[in-house]
Protein chains: 2
Amino acid sequence: MTATLWVVLILGLSTIRYGAASYEYQIKTIDVPIDHFTFTSEATFKLRYLINETYVQNDTNSPILFYAGNEGDIELFAQNTGFMWELAPKLKATLLFVEHRFYGHSMPFANASFESPKNLGYLTSEQALADFAFVLRTLNPPSDTKRSRPVIAFGGSYGGMLAAWIRIKYPHLVAGAIAASAPIRQFQGVTQCGIFNQILTSVYQVAYNEECTHNIRRSWSTLQNYSTSADGLRVLNEKFKFCTNLTKATDVTETFFDYLTDVYGNLAMINYPYASSFLAPVPAYPVREFCGRLDKNYTGTELLDHLQSALSIYYNFDGKATCLNINSSYDGSGIGDSGWDFQACTEMVMPMCADGVHDMFPAQPWNLQSYSDKCFKKYGVHPRPANALVNYGGEFLDASITNIVFSNGLLDPWSGGGVLRSSNDNIKIVLIPEGAHHIDLRASNANDPGSVTRARAVHVQNIQKWLAEYRKQHKVY
Amino acid sequence: MTATLWVVLILGLSTIRYGAASYEYQIKTIDVPIDHFTFTSEATFKLRYLINETYVQNDTNSPILFYAGNEGDIELFAQNTGFMWELAPKLKATLLFVEHRFYGHSMPFANASFESPKNLGYLTSEQALADFAFVLRTLNPPSDTKRSRPVIAFGGSYGGMLAAWIRIKYPHLVAGAIAASAPIRQFQGVTQCGIFNQILTSVYQVAYNEECTHNIRRSWSTLQNYSTSADGLRVLNEKFKFCTNLTKATDVTETFFDYLTDVYGNLAMINYPYASSFLAPVPAYPVREFCGRLDKNYTGTELLDHLQSALSIYYNFDGKATCLNINSSYDGSGIGDSGWDFQACTEMVMPMCADGVHDMFPAQPWNLQSYSDKCFKKYGVHPRPANALVNYGGEFLDASITNIVFSNGLLDPWSGGGVLRSSNDNIKIVLIPEGAHHIDLRASNANDPGSVTRARAVHVQNIQKWLAEYRKQHKVY
């Protein structure tokens, strides 16, 4: 994605062309209550959504394909969910992408939105789902004699969780949901904390050759060694060209380590078989490219050089970065990581741990207490780690929950917290052995593996089944 | 219910015996968040619940019979839901009655709870359902390998709406729901505003003889005539012995008319075939008794005398009232009508109207705007009349909604807003032609009509089916 294009996006022009595909939409806003669940205040804010109605024919039954916006600028998701754009003309459907509150341009308290907890406290999945419900009901009201037009929800990652949850919590508003790479089981007591890093490690093990994970494993102690002296820090600053020089050991063992961990996860998530620019502009199979630069047994400064070169696949594939900003692994992507950090500190508490044995990371046990303390220090609130499970379930999906496809790429580290089995005929499981993070929602590509193409075909089948059912139930009473 | 017994209830002793039945429970409290849906504050309050575990055997699969507390002291509902008490020993079940926030003893802000909208704004059905979910999850957590014990929800009237809604919104926590006399369709644009008063009128038409509704119809203009002069007001004050003398016309045409309208509705609701003391102590078939005192064509002061005598069936059947308090038709019953008044002004906006032709009331059109203005003046908030429909559906129940029985007595004016038809095999409709308001949830009685006894048998069949299904689905993943 070019810088110029970003300017266009930010200016909010109503017609956007992106890359080879032409995704055109109107950008609109709607006033929604800041608090849907109490009457303590009547304040509203402007929630942004994107809409395309060019494919709809004169048919009040034509479906609405609705993307449940997640932690970023909604235009980012519109651009990276080509599957919906390919489907809309076939189904003569409206396309509707609704932004998640506190992300993109949907800030409930303008510049003061991130004052925590007074304002930021309204950033919760329940309020976001209620926003979506409010929008769907407003844009698609039922009449005295007729149900609303059928709505199919889509979402990837946290957006996939929201797509599944809106079908669970608002089944009268959403006929079915394609929940791609939705880790609704990545919560305390449900999924083991080490799974994510184990899957992640296995992706790097098979990407190029075995040296990759050996080098990554070695890099932690190497970096730590360099972090303990002024000379060592100088070397690191020279080698990596950080945007802000590292000046103390924890800059390495905390900030840089966290950045590296994030980047390794992100690279696996966007390990698509073609060049893409979702979280960052990267080549096809970026993990293979990354590992290709860590292909021999490197140590010392040689390891640093190769690590730096490998990292540039992620942060500087387009050659435009002048330095390495390790404060965010989502820099300039449109992902709102400060919003997500708050959500992770409140109800989206997803336990993560590493042992350095089954994974390539420094051993780091999961400790809810210290996590909670850290969150309280940062935001003035303690996490409620059971919240999502109380509200949405997750350990067990009731038999009444229907019309959801849970799709997971098995090369996606998030698949460990996904729904991989179902005893309910109406919950469909799609496994994509060669798939990274919600690749099935992306535009079709000549390089797509067969499993991705087949996943999309299953999605279409299910959507058509849901639409047929919905039309049959035209009147319920 | 005697005054002495009320003292016992208020003191919160843990063992209560009531009338002929012996309903014993422990009274407990649990700390729940005041706001389940935001992180703006970490404040909690003590929510009260009643529990009886004497029937449970050593079986981790034994069910929990859960009453979704509605607008009153939870002990009132425990005492008037004998069906659950009769069922518990048969199913070896735990009995659990959870109080609704802002009613009974569950006041989130102690004496300041009714400060609106700052504190009272937290009185919403969504927060109440989240309270229930929090309690169920806390008392009945799943383990690593096993689902929680199955929970069957019960509720009558607004409690029945909550029972249905908790099954819809939290299907992972509640296996099925008996929603008795639950008018989940009594909302703007779904049910005609006149239905309630039409059904109500028909109950009075057939209760004794036709003179009853003729007298009631005449009474409005008679009362109004007396309201226009000091002399007339004096006559009314003498005849009716109001606790506070009426001093101006609107005391009659607003306060007293509202009271009468409420009493006529209440009498129909509690028109049980045996003496009862749910909203007030009344004889068997209180509408018949009431109409028996309006059995001839009365006019003028004679009509006033007979109306006063008929009203005493409701407010003074036990002969203990020294005056007529027209400020509340729930005086001393344990029903929290000031809480409900707020809910009716926010999301429980149930349009009501009368035309004086199809019903026995003064013509009064439904006017959302003036209703809204009145609410804003009273509470500083405007109603959101679509809220319940957006959150819970209601016009159409999705096919995924299962395991709910909607039962309605056809003599209950609330049945007009109930679910009377279903095209979904898993939503069961039970109609009780001879039934008043949630009579099926009451203890069985020798005077129960056959349709009530049969309704309870259907409830038991459905509950057993849900329990069997739940146990079969023991592990979903």
Side-chain angles (χ1 to χ4, degrees), chain A residues 33 35-42 117-124 126-127 130 133-134 137 142 144 147 167-173 175 189 346-347 379 381-382 384 386-387 389-403 419-424 426 469 473 475-477, chain B residues 33 35-42 116-124 126-127 130 133-134 137 142 144 147 168-173 175 189 346-347 379 381-382 384 386-387 389-403 419-424 426 469 473 475-477:
Chain A
D35 192 340
H36 292 273
F37 302 108
T38 78
F39 284 82
T40 52
S41 151
E42 303 202 322
K118 188 170 66 96
N119 295 344
L120 193 52
Y122 291 95
L123 168 51
T124 66
E126 292 86 358
Q127 298 281 4
F134 186 94
R137 170 85 189 193
D144 285 353
R147 290 188 77 170
R167 169 65 191 160
I168 294 173
K169 300 298 255 191
Y170 299 86
H172 51 291
L173 297 177
T346 47
E347 54 178 6
Y379 296 112
V381 292
H382 292 95
R384 298 181 199 152
N387 238 40
L389 296 173
V390 176
N391 281 330
Y392 309 116
E395 293 107 327
F396 303 98
L397 291 180
D398 188 82
S400 71
I401 295 170
T402 63
N403 296 11
V419 180
L420 305 177
R421 274 172 289 167
S422 166
S423 66
N424 170 347
N426 295 306
E469 278 169 13
Q473 295 159 23
K475 282 204 71 165
V476 170
Y477 294 101
Chain B
D35 193 339
H36 292 274
F37 303 108
T38 78
F39 284 82
T40 52
S41 151
E42 303 202 321
S116 184
K118 187 170 67 93
N119 295 343
L120 193 53
Y122 291 95
L123 168 51
T124 66
E126 293 85 357
Q127 298 280 4
F134 186 94
R137 171 83 188 192
D144 285 353
R147 290 188 76 168
I168 294 173
K169 298 299 256 191
Y170 299 86
H172 51 292
L173 298 177
T346 47
E347 54 177 6
Y379 295 112
V381 292
H382 293 95
R384 297 182 200 150
N387 239 38
L389 296 173
V390 176
N391 281 328
Y392 308 116
E395 295 108 326
F396 303 98
L397 291 179
D398 188 80
S400 72
I401 295 171
T402 63
N403 296 10
V419 180
L420 305 178
R421 273 172 289 166
S422 166
S423 67
N424 168 348
N426 295 305
E469 277 170 14
Q473 294 160 22
K475 284 205 67 165
V476 171
Y477 293 101

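Residue numbers start from 1 in every chain, and the chains themselves are labelled A, B, ... in the order their sequence lines are given, proteins ahead of strands.
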| task | Identify which part of A:His382 has an atom lying under 4.5 Å from any heavy atom of chain B, answering side chain, backbone, both or neither. | result | both

| said: Using heavy-atom distances under 4.5 Å, tell me whether B:Asp35 contacts chain A through its side chain, its backbone, both, or neither. | reply: both

| Heavy-atom distance under 4.5 Å to chain B: side chain of A:Arg167, backbone, both or neither? | side chain

| task | Below 4.5 Å from any heavy atom of chain B, which atoms of A:Asn387 appear? Answer side chain, backbone, both or neither. | result | side chain

| note | Max heavy-atom pairs within cutoff under 4.5 Å with chain B, candidates A:Ala133, A:Gly189, A:Gly393, A:Pro33, goes to A:Gly393

| query | So, are B:Arg137 and A:Glu395 salt-bridged, with charged N and O less than 4.0 Å apart? | reply | yes

| remark: Scored by heavy-atom pairs under 4.5 Å with chain A, the best of B:Tyr379, B:Tyr170, B:Tyr122 is B:Tyr170

| Heavy atoms, side chains only, cut-off 4.5 Å: are B:Arg384 and B:Thr346 in contact? | no

| note | If one checks every heavy atom of A:Ile401 against chain B at 4.5 Å, the contacting part turns out to be side chain

| Heavy-atom check, side chain of B:Leu397 versus side chain of A:His172, under 4.5 Å | no

| query | Just checking, is any N or O donor in the side chain of B:Asp398 or B:Ser400 under 3.5 Å from an acceptor N or O on the other one? | reply | yes

| Part of A:Tyr392 within contact of chain B (heavy atom distance under 4.5 Å) | backbone

| request: Counting only heavy atoms closer than 4.5 Å, note whether B:Ser116 contacts chain A via side chain, backbone, both or neither. | output: neither

| task | Could you tell me which portion of A:Pro142 (side chain, backbone, both or neither) has an atom closer than 4.5 angstrom to a non-hydrogen atom of chain B? | result | side chain

| 4.5 Å side-chain heavy-atom contact, A:Lys118 and B:Thr40 | no

| Heavy-atom pair count under 4.5 Å with chain B, highest-scoring of A:Gly121, A:Ala386, A:Ser41 | A:Gly121

| message | Once rounded to the nearest 0.5 Å, what's the spacing between atom NZ of B:Lys169 and atom CD of B:Glu126? | response | 8.0 Å

| So which of A:Ala175, A:Pro117, A:Ala130 has the largest heavy-atom pair count under 4.5 angstrom toward chain B? | A:Pro117

| query | So which part of B:Phe134 gets closer than 4.5 Å to some heavy atom of chain A, the side chain, the backbone, both or neither? | reply | backbone

| Using a cut-off of under 4.5 Å for heavy-atom pairs, which of A:Asn391, A:Leu173, A:Asn119, A:Thr402 has the most such pairs with chain B? | A:Asn391

| Option in B:Asn426, B:Asn403, B:Leu389 with maximal non-hydrogen atom pairs under 4.5 Å from chain A | B:Leu389

| message | Can you tell me which of B:Ile168, B:Val381, B:Leu120 forms the most heavy-atom pairs within a distance under 4.5 Å of chain A? | response | B:Val381

| message | As an exercise, state the distance from NE2 of B:His36 to CZ of A:Phe37, rounded to the nearest 0.5 Å. | response | 11.5 Å

